[in-house]
Protein chains: 2
Amino acid sequence: MNVTIKDIANVAGVSYSTVSKALNNSPLVKENTKRKIIKISQEMGYKPNFAARSLVSNQTKIIGLIWPTIERIVLSTLVTEISNQINKTSYSMILSVDPVQTSLETFRRFQVDGIILFEENNDEFDASQSSALLSYGVTRKDDRNYPKIDPNHEQAMHMAVEYLAMLGHTQIAYIGDLSSIDPMQIQKYKGFKKAIKQHGLFLNEDYLIDTEGLDWYNGYTATGKLFKMTNRPTAIVGGSYDISGGIIRAMKERKLHIPNDFSIISYDNVPQMANMEFPLTSIGVPVGELAAEIVKSIIKLVESEEMNSIDVYSNKMMPKLNLRSSCARPRL
Amino acid sequence: MNVTIKDIANVAGVSYSTVSKALNNSPLVKENTKRKIIKISQEMGYKPNFAARSLVSNQTKIIGLIWPTIERIVLSTLVTEISNQINKTSYSMILSVDPVQTSLETFRRFQVDGIILFEENNDEFDASQSSALLSYGVTRKDDRNYPKIDPNHEQAMHMAVEYLAMLGHTQIAYIGDLSSIDPMQIQKYKGFKKAIKQHGLFLNEDYLIDTEGLDWYNGYTATGKLFKMTNRPTAIVGGSYDISGGIIRAMKERKLHIPNDFSIISYDNVPQMANMEFPLTSIGVPVGELAAEIVKSIIKLVESEEMNSIDVYSNKMMPKLNLRSSCARPRL
DNA sequence: TTGAAAGCGCTACCAC
DNA sequence: GTGGTAGCGCTTTCAA
């Protein structure tokens, strides 16, 4: 059987309520007894019983996260990063891989204090009975009244184009998923078009290359279309980490040089960008910052909700340009 | 506030101990009252409080699973399937994406009843303090005293070669990761060689094609090597789902016909095989069976451990050949 | 500064 | 068949 505070109390010769206070570092206990109790509890190998604690305190200190159904390396990096950051707090994180509704129910039985949801999980669901909810990504339903964290895709495209234009590029292509109904993809592509216009460049419709998907191979094939053009662009914005991987590969196979033949900026600001076949300059909210904001927000939400003040907000996070060596001035 | 059994008791006009029994389907309650109570509890949206239940019963009915670090579609299919199957039992499953040691500690705080571990998680760790542990995959350390579930890779290769040989193939290639130190890859590749010999075929070393990785693109590139040969094989065994995807793509690009130009069998018996560019005949333990065995074993382990009888066993599961239309007799 | 006691939601036992 | 009640391990008043 596990050691309980009563066992400790017996050994220490105090009441078990004193033990409880001591272990929770309450200022109501004399430093001396506190130290003694802590020492004894360690010697006895005491581990607090989570169930008992959460039963009485009515909070579990657990954050639940519903695993995004669309598997992308960027999302799993985000999830891992969120987990790491939560581990640094007094909270823990658990995951569910079930559909949203099922996950929500599981989490309710666990009485998790807060739930992180990815808007890619776009199933219909009823969140009315749940604990504090926070979502990441572009929401499809405006009537959902929980806070949202979302990268500013439009601004990202603006910064990418701005940087390329500054280097002297005027012929910039976008290789990304134009056919998707995923609002995130739509925002990127619209953002790109808007940015081109804002920088006074000519928007060549041929330079909007549809990958028809987000996989590595989609980027690879789409890049093939680009080589068939007579009037090739000098710079490319890749729509995602995976797509850009395919672009690089297509370049390498044709013995093309980055950045001399083509300057490339990739969407998605993840550290893995540095380990690609060719390290790419990238644009996007750094995944660490995203995770930090998500963790900070969910905890704030959880703790504020206890005082019944749920304020619905939406945070469009600012992207950053991460310079590597995949961009140069265009050849004359 | 959440609905409790007391609330239900009030509405139903019975005592709350009767509610408890009814909800646990105890034979001590009259069918009539049982039905009434269940109906009311559903209407009120009752969800049992895990913490309270586990506090008294001293078990959580939770299985923890440590997310495999190597991301493969096959593994995530397995995890999802395991989750689905656990949901059908009285247990629930939670995931941790942290390193093994951290996950183990989190799970201990949760007092999970059992833990599923993937042997890909090959970190060093101390499992001595943990609850019932079960691992999937080839263990690297023989001194670990917990049960293991593992597909019989050797038998799988035997069956694949047998089938191809039966169709009349004598020139069979293996495209897989030969350079890996992952014991699972080593077993596949050795199994293939052994199977070739057992079927009295000549083992052409050139037909062992190293993908140098498990990604889609590794299969794609490795297939290129095959086309450079003068004496090409007539049949191919693909080392994994992703690798085989690359093989198919390489075939398609060269306008080669499956199965007329090449017969292909892929390792990994997952349903997604049917949705590939070309549906492939596949070999491996069906992922559903694997999940079922894992779930059955961990639950058995959890429940037997309560009577202190931990028997360490290792289950090498039998693969199955899943016929689709990617194999035919070789051309003469 | 410490101790006693109530009670979180539930299961399980014993009475009726 | 049903109800009453003890108690799981802990936190949190309130009293001493």
Side-chain angles (χ1 to χ4, degrees), chain A residues 1-38 40-41 44-62 90 108-113 129 131 303 306, chain B residues 1-38 40-41 44-62 90-92 108-113 303 306:
Chain A
M1 204 50 219
N2 269 323
V3 192
T4 71
I5 51 172
K6 284 191 183 172
D7 300 325
I8 300 173
N10 275 144
V11 176
V14 293
S15 78
Y16 69 87
S17 59
T18 306
V19 175
S20 172
K21 284 172 205 146
L23 260 20
N24 288 306
N25 199 24
S26 157
L28 299 172
V29 183
K30 202 163 49 171
E31 268 307 320
N32 252 350
T33 34
K34 203 186 275 185
R35 265 201 301 279
K36 187 174 119 200
I37 289 171
I38 290 173
I40 290 176
S41 75
M44 298 178 74
Y46 170 76
K47 301 280 170 198
N49 183 321
F50 231 56
R53 178 178 292 173
S54 80
L55 185 59
V56 45
S57 64
N58 211 29
Q59 49 159 352
T60 52
K61 289 275 185 181
I62 303 170
S90 59
R108 182 145 69 120
R109 295 202 300 172
F110 277 96
Q111 322 245 101
V112 301
D113 292 341
Q129 297 264 26
S131 31
E303 295 180 347
E306 278 156 24
Chain B
M1 203 53 221
N2 268 324
V3 191
T4 73
I5 51 171
K6 284 190 183 171
D7 300 324
I8 299 172
N10 275 144
V11 175
V14 293
S15 79
Y16 73 87
S17 60
T18 304
V19 174
S20 173
K21 282 173 209 149
L23 260 20
N24 289 306
N25 199 24
S26 158
L28 299 171
V29 183
K30 203 164 47 169
E31 269 307 320
N32 251 352
T33 33
K34 202 186 276 185
R35 266 202 300 280
K36 186 173 122 199
I37 290 172
I38 290 173
I40 291 175
S41 76
M44 297 179 73
Y46 169 76
K47 301 280 171 200
N49 183 320
F50 262 41
R53 177 179 291 175
S54 79
L55 184 58
V56 44
S57 65
N58 210 31
Q59 49 161 348
T60 51
K61 290 273 183 181
I62 303 170
S90 57
Y91 290 79
S92 307
R108 185 151 60 144
R109 293 206 304 166
F110 279 91
Q111 322 240 103
V112 301
D113 292 340
E303 296 181 347
E306 279 156 22

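Within every chain, numbering begins at 1; the chains are lettered A, B, ... in the order of the sequence lines, protein sequences first and strands thereafter. Atom set for the values below is all heavy atoms of this structure, side chains included, hydrogens, waters and symmetry mates excluded.
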Report task. May I have the distance from A:Asn10 (atom CG) to D:dG9 (atom P), rounded to whole angstrom? Result -> 13 Å
**Report entry** Distance in angstrom units between B:Ile37 CD1 and D:dG3 C1', rounded
**Finding:** 12 Å
Query - side-chain contact (heavy atoms from CB on, under 4.5 Å) involving A:Gln111 - partner list, sequence neighbours excluded - result: A:Asn58, A:Thr60, B:Asn2, B:Asn49
Query raised in the report: Using a cut-off of 4.0 Å on non-hydrogen atoms, how would the nucleic acid contact of A:Ser57 be classed: base, sugar-phosphate, or nothing?
Result: nothing
Requested in this report: Can you figure out which of D:dC8, D:dT5, C:dC8 approaches the side chain of A:Val56 most closely?
Outcome: C:dC8
Report summary line: Which of D:dC8, D:dG3, D:dT11 is nearest the side chain of B:Val14? It is D:dG3
Query raised in the report: Considering the terminal five base pairs at each end of the helix from C:dT1-D:dA16 to C:dC16-D:dG1, what angle separates the two local helix axes, rounded to 10°?
Result: 50°
Query raised in the report: Got a donor-acceptor pair under 3.5 Å from the side chain of A:Ser17 to the base of C:dA4?
Result: yes
Query raised in the report: Base, sugar-phosphate, or nothing for B:Tyr46, non-hydrogen atoms under 4.0 angstrom?
Result: sugar-phosphate
Query raised in the report: Which residues satisfy the side-chain hydrogen bond (donor to acceptor under 3.5 Å, both in side chains) test with B:Lys61, sequence neighbours excluded?
Result: B:Ser90
Query raised in the report: Reckon A:Ser54 touches a base, only the sugar-phosphate, or nothing at all at heavy-atom distances under 4.0 Å?
Result: nothing
Query raised in the report: Residues two or more places apart in sequence or in another chain: which of them pass salt bridge (Lys or Arg N to Asp or Glu O under 4.0 Å) with A:Lys34?
Result: A:Glu31
Report summary line: Side-chain atoms of A:Ser15 come closest, of C:dC10, C:dA4, D:dG9, to C:dA4
**Report entry** Between P of D:dT5 and NZ of B:Lys6, the distance in whole Å
**Finding:** 12 Å
Report summary line: Looking only at heavy atoms, the pair that brings B:Ala22 and B:Val29 closest together is N-CG2, 3.9 Å
Report summary line: Of all heavy-atom pairs linking B:Tyr91 and B:Ile62, the shortest is CD2-N, 4.1 Å
Report task. Mind calculating the distance between CG (A:Asn58) and P (D:dT11) to the nearest angstrom? Result -> 14 Å
Query raised in the report: How close or far is atom P of D:dG7 from atom CG of A:Asn49, stated in whole angstroms?
Result: 18 Å
Report summary line: In terms of heavy-atom contacts, B:Pro48 and B:Arg53 come closest through CB-NH2, 3.4 Å
Report task. Could you tell me the separation between the CD1 atom of B:Ile5 and the P atom of C:dA12, rounded to a whole number of Å? Result -> 11 Å
Report task. Give every residue pair that meets the side chain to side chain donor-acceptor pair (under 3.5 Å) criterion with at least one member in residues 14-24 of chain A, sequence neighbours excluded. Result -> A:Ser15-A:Ser17, A:Ser15-A:Thr18
Report summary line: Numerically ordered, the residues 19-30 of chain A set in heavy-atom contact under 4.0 Å with DNA chain C is A:Lys21, A:Leu28, A:Val29, A:Lys30
Query raised in the report: What is the distance, rounded to the nearest whole Å, between atom OH of B:Tyr16 and atom C1' of D:dA6?
Result: 9 Å
Query raised in the report: With sequence neighbours excluded, what pairs up with A:Val56 under the side-chain contact (heavy atoms from CB on, under 4.5 Å) test?
Result: none
Query raised in the report: side-chain hydrogen bond (donor to acceptor under 3.5 Å, both in side chains) with A:Arg109: which residues, sequence neighbours excluded?
Result: B:Ser92
Requested in this report: Specify the separation, in whole Å, of atom NZ of A:Lys47 and atom P of D:dC10.
Outcome: 13 Å
Query raised in the report: Which residues pass the side-chain contact (heavy atoms from CB on, under 4.5 Å) test with A:Leu23, sequence neighbours left out?
Result: A:Ile5, A:Ile8, A:Val19, A:Ile37, A:Ile38, A:Ser41, A:Tyr46
Query raised in the report: Which sits closer to the 5' end of DNA chain C, B:Arg53 or A:Ala52, going by the nucleotide each is nearest to?
Result: A:Ala52
